[in-house]
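Just below is one structure, and these are the notes that go with it.
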There are 2 protein chains.
Amino acid sequence: MAKFDEAVGPLDRYMQVLELVATFPGVLTLADVSSLLDLPKTSAHRLLKGLVRAGLAKDSVGGRAYQLGDRLLRLLHATADDGWIAALARAHLQELTDATSETCYLTRLIGARVVVAISISPDVRWRSYVQPGIEMPVHAAATAKAIIAYQSKAVLAEATSGDLPLLTANTRNDRKWIEQELATVRSRGHATCIGEIDEGLAAIAVPIFLSDRRVFYALGMTGPLQRIMNEQLPDRLTALRNVADVLGKSLSIGEKLKSKDVAAK
Amino acid sequence: MAKFDEAVGPLDRYMQVLELVATFPGVLTLADVSSLLDLPKTSAHRLLKGLVRAGLAKDSVGGRAYQLGDRLLRLLHATADDGWIAALARAHLQELTDATSETCYLTRLIGARVVVAISISPDVRWRSYVQPGIEMPVHAAATAKAIIAYQSKAVLAEATSGDLPLLTANTRNDRKWIEQELATVRSRGHATCIGEIDEGLAAIAVPIFLSDRRVFYALGMTGPLQRIMNEQLPDRLTALRNVADVLGKSLSIGEKLKSKDVAAK
DNA sequence: GACTTTCGTTCCGTTTTCCGGAACATTATT
DNA sequence: AATAATGTTCCGGAAAACGGAACGAAAGTC
């Protein structure tokens with residue numbers, strides 16, 4: 001069994017201190033940390049101040065106690081709320097929803113799963129809800145297809161490794177069909193879901209390309225089958241494509257990098 | 001303006017990488033991190049693996065992408081849910097509530113504020129709610145008095161530095177009175193709140209002493225004034241005291257340390 | 001299926017930082 | 001006022017982090 005204060009990596013000692021601070025926020029003194037972790041107080045002091053400098057902890061009660069810092073909390077919110085991405089996309093999604101009276105949403109790739117980041121529902125009676133945070137079935141959802149179609153083989157393999165349930169009579173889960181469906185997505189530039197999740201519901205989706213042509217996000221629109229799969233379809237796809245292009249430019253990691261570089265000079 | 005990749009502390013580079021991982025969970029490759037942070041790929045590699053070893057990040061899609069690790073999520077939940085403390089105390093609080101049919105709750109000191117950690121309400125019509133997470137007024141709440149009475153002057157000063165609103169006709173906020181009230185708490189071992197927050201509500205509370213006599217937590221019971229301030233009071237205080245002693249032993253940092261030491265040998 | 005490119009990993013000498021004992025400064029306690 | 005405890009700075013020896021170069025392992029290409 002590993003000794004408690006044996007660090008398993010360069011960060012481990014910091015993390016042990018931070019865990020202590022998290023467990024007893026705002027009440028632990030330097031001496032406590034020192035004795036609990038069996039560290040020389042000099043080292044405990046250095047570690048604590050290191051955490052404070054990095055924004056992971058902060059002084060409390062005039063430097064005689066420590067609590068979790070803002071940076072750590074920001075880190076949590078970054079994943080939970082999708083941070084700046086949500087802020088960027090929300091206005092665009094609202095516009096799309098207002099123009100079409102259908103539910104529009106943004107999904108993102110996390111690992112090999114596709115989850116809903118933001119969703120805006122129209123203010124009409126007959127609408128479908130898309131719950132932020134839920135995972136989209138890779139073999140059925142339009143937004144999932146739109147993203148997975150542009151991923152590496154490794155991601156595709158992992159995404160289709162589990163059970164792929166047949167949700168309706170229209171759902172297909174044979175790997176051969178999926179590959180072909182994804183090829184179709186790539187060739188025509190958008191994905192569809194025609195009653196593959198719910199009998200009467202359809203969805204269309206387009207991938208959002210970053211500047212290096214990679215795809216982490218997709219934009220989707222869903223509603224009753226006959227309201228989606230009709231003569232308005234081409235116009236709506238164009239609208240989605242336009243928004244996706246705008247978002248692609250903003251979301252692009254390349255752009256983000258560039259702004260950082262400019263700021264650095 | 002500070003250059004982006006200029007580390008302000010030993011942890012800063014790690015944090016920058018971690019923030020990137022948090023923003024694009026499960027999709028960033030080593031090469032991305034390297035180019036975005038303008039690091040040699042060797043360094044990016046070392047930093048990422050360091051994060052993984054420390055449990056702050058973890059491999060995704062077979063080591064070709066990274067996402068937030070379990071340790072970080074545990075850390076963030078530790079403060080939000082009160083972790084093991086909540087698990088420990090909940091059963092005891094339930095017993096107290098069942099026996100008395102009053103709302104019982106555990107509060108904790110965070111910095112110089114006292115907040116509700118867990119609260120159990122009885123299953124009767126006429127009950128008072130205590131919302132977990134809310135802050136207790138230091139000059140009025142029984143649990144707050146029970147904790148603040150045993151803090152250092154620095155904490156007391158910070159706790160009473162802001163506005164202390166007069167919530168009812170019974171509330172007092174002159175510093176002189178507060179000091180005297182806290183002295184009373186210390187001498188008789190429990191705190192009361194007699195209509196100082198809501199006209200008809202009273203509360204009693206006892207501090208939970210850790211093995212080194214410090215106080216971070218308090219146990220409280222609240223209900224309509226006439227149901228609290230009657231001949232049952234002594235028995236209920238005894239019941240609270242007993243539970244507080246049990247929890248004190250379990251919560252004690254000393255105990256926690258000891259168990260770690262045992263595990264280490 | 002062989003080739004090319006890209007990505008992730010290991011190696012290792014140099015450099016930088018960390019480590020923690022001792023002394024110092026600063027606040028509570030008697 | 002004296003004493004004890006806590007937080008902070010100093011600094012030489014020790015131990016890492018650092019990153020260029022070279023090496024394996026995939027993905028994409030023909």
Side-chain angles (χ1 to χ4, degrees), chain A residues 5-17 21 27-54 57-66 112 148-158 179 182-183 186 212-215 253, chain B residues 5-17 21 27-54 57-66 112 150-158 186 212-214 253:
Chain A
D5 54 349
E6 253 170 23
V8 300
L11 283 172
D12 206 59
R13 314 185 103 209
Y14 282 105
M15 288 308 299
Q16 289 184 22
V17 175
V21 171
V27 292
L28 283 182
T29 64
L30 185 146
D32 291 325
V33 175
S34 165
S35 79
L36 283 170
L37 293 179
D38 212 7
L39 286 169
K41 66 179 172 181
T42 308
S43 301
H45 179 253
R46 191 167 30 71
L47 292 170
L48 278 167
K49 289 301 174 192
L51 288 172
V52 171
R53 278 216 303 169
K58 68 178 175 189
D59 288 328
S60 174
V61 196
R64 327 200 124 270
Y66 297 90
I148 298 295
Y150 297 91
Q151 302 308 315
S152 67
K153 283 172 189 164
V155 173
L156 174 63
E158 190 164 324
E179 288 213 16
L182 296 181
R186 279 190 292 271
D212 56 2
R213 297 287 299 168
R214 279 191 297 178
V215 176
I253 302 184
Chain B
D5 55 349
E6 254 171 21
V8 300
L11 283 172
D12 207 59
R13 311 187 104 206
Y14 282 104
M15 288 309 299
Q16 289 184 22
V17 175
V21 170
V27 291
L28 282 183
T29 65
L30 184 145
D32 291 325
V33 176
S34 166
S35 79
L36 283 170
L37 292 179
D38 212 7
L39 285 169
K41 66 180 169 179
T42 309
S43 301
H45 179 252
R46 193 168 24 73
L47 291 170
L48 279 167
K49 290 301 174 191
L51 289 172
V52 171
R53 278 216 302 166
K58 68 178 176 189
D59 288 327
S60 176
V61 195
R64 322 201 128 270
Y66 297 89
Y150 296 90
Q151 302 308 317
S152 67
K153 284 170 189 165
V155 173
L156 174 63
E158 191 164 324
R186 279 189 294 271
D212 56 1
R213 301 288 299 172
R214 278 191 297 178
I253 303 183

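Numbers restart at 1 for each chain; the letters A, B, ... are given by sequence-line order, proteins then strands.
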* Asked: Of all the choices, dG20(C), dG19(D), dT10(C), which nucleotide is nearest to the side chain of S43(B) once you look at every atom?
  -> dG19(D)

* Starting from C1' on dA16(D), measure out to CG on L11(A) and report it in whole angstrom. => 13 Å

* **For G50(B) against L11(A), the heavy-atom pair lying closest together** => O-CD1, 4.1 Å

* Asked: Quick check: does any side chain N or O of Q151(A) sit under 3.5 Å from a backbone N or O of V215(A), one acting as donor and the other as acceptor?
  -> yes

* Asked: Taking only residues two or more places apart in sequence, or in another chain, which ones meet S34(A) in a side-chain hydrogen bond (donor to acceptor under 3.5 Å, both in side chains)?
  -> none

* Under 3.5 Å donor-acceptor pair, K41(A) side-chain atoms to dG20(C) base atoms -> no

* Measure across A44(B) and V33(B) and return the closest heavy-atom pair with its distance rounded to 0.1 Å. => CB-CG1, 4.2 Å

* Please determine, for the side chain of P40(A), which listed nucleotide (dG20(C), dG19(D), dG8(C)) has the closest atom? => dG20(C)

* To do: Measure the distance from OH on Y14(A) to P on dT17(C) and round it to the nearest whole Å.
  => 12 Å

* Would you check if the side chain of R186(A) reaches a backbone N or O of Y150(A) as a donor-acceptor pair within less than 3.5 Å? => no

* To do: Starting from C1' on dT10(C), measure out to CG on L30(B) and report it in whole angstrom.
  => 13 Å

* Asked: So, is R13(B) close to the dA17(D) phosphate, meaning a side-chain N or O under 4.0 Å from OP1 or OP2?
  -> no

* To do: Report the C-alpha distance between T29(B) and R214(A) in whole Å, list the side-chain angles of each, state the deciding distance to 0.1 Å, and finish with yes or no for side chain to side chain contact (heavy atoms under 4.5 Å, CB included).
  => CA-CA 12 Å; T29(B) 65; R214(A) 279 191 297 178; 4.3 Å; yes

* Asked: Any side-chain N or O of H45(B) under 4.0 Å from OP1/OP2 of dT9(C)?
  -> yes

* Separation of D59(A) atom CG from dT6(D) atom P, in whole Å? -> 18 Å

* Let me know the distance between OH of Y150(B) and P of dT29(C), rounded to the nearest Å. => 15 Å

* Asked: 5'-most contact on DNA chain C: L47(A) or A31(B), nearest heavy atom basis?
  -> A31(B)

Between the protein and nucleotides 24-30 of chain D, which nitrogen or oxygen pairs are less than 3.5 angstrom apart?
none

* Structure fact -> When every non-hydrogen atom of Y66(B) is compared with those of D59(B), the smallest separation belongs to CE2-OD1, 3.1 Å

* Rounded interatomic separation in angstrom, taking CG from L39(B) and P from dG20(D) -> 11 Å

* Nearest-angstrom distance from the residue atom CZ of R46(B) to C1' of dC12(C) -> 13 Å

* d(CG, L37(B); C1', dC18(D)) in whole Å -> 16 Å

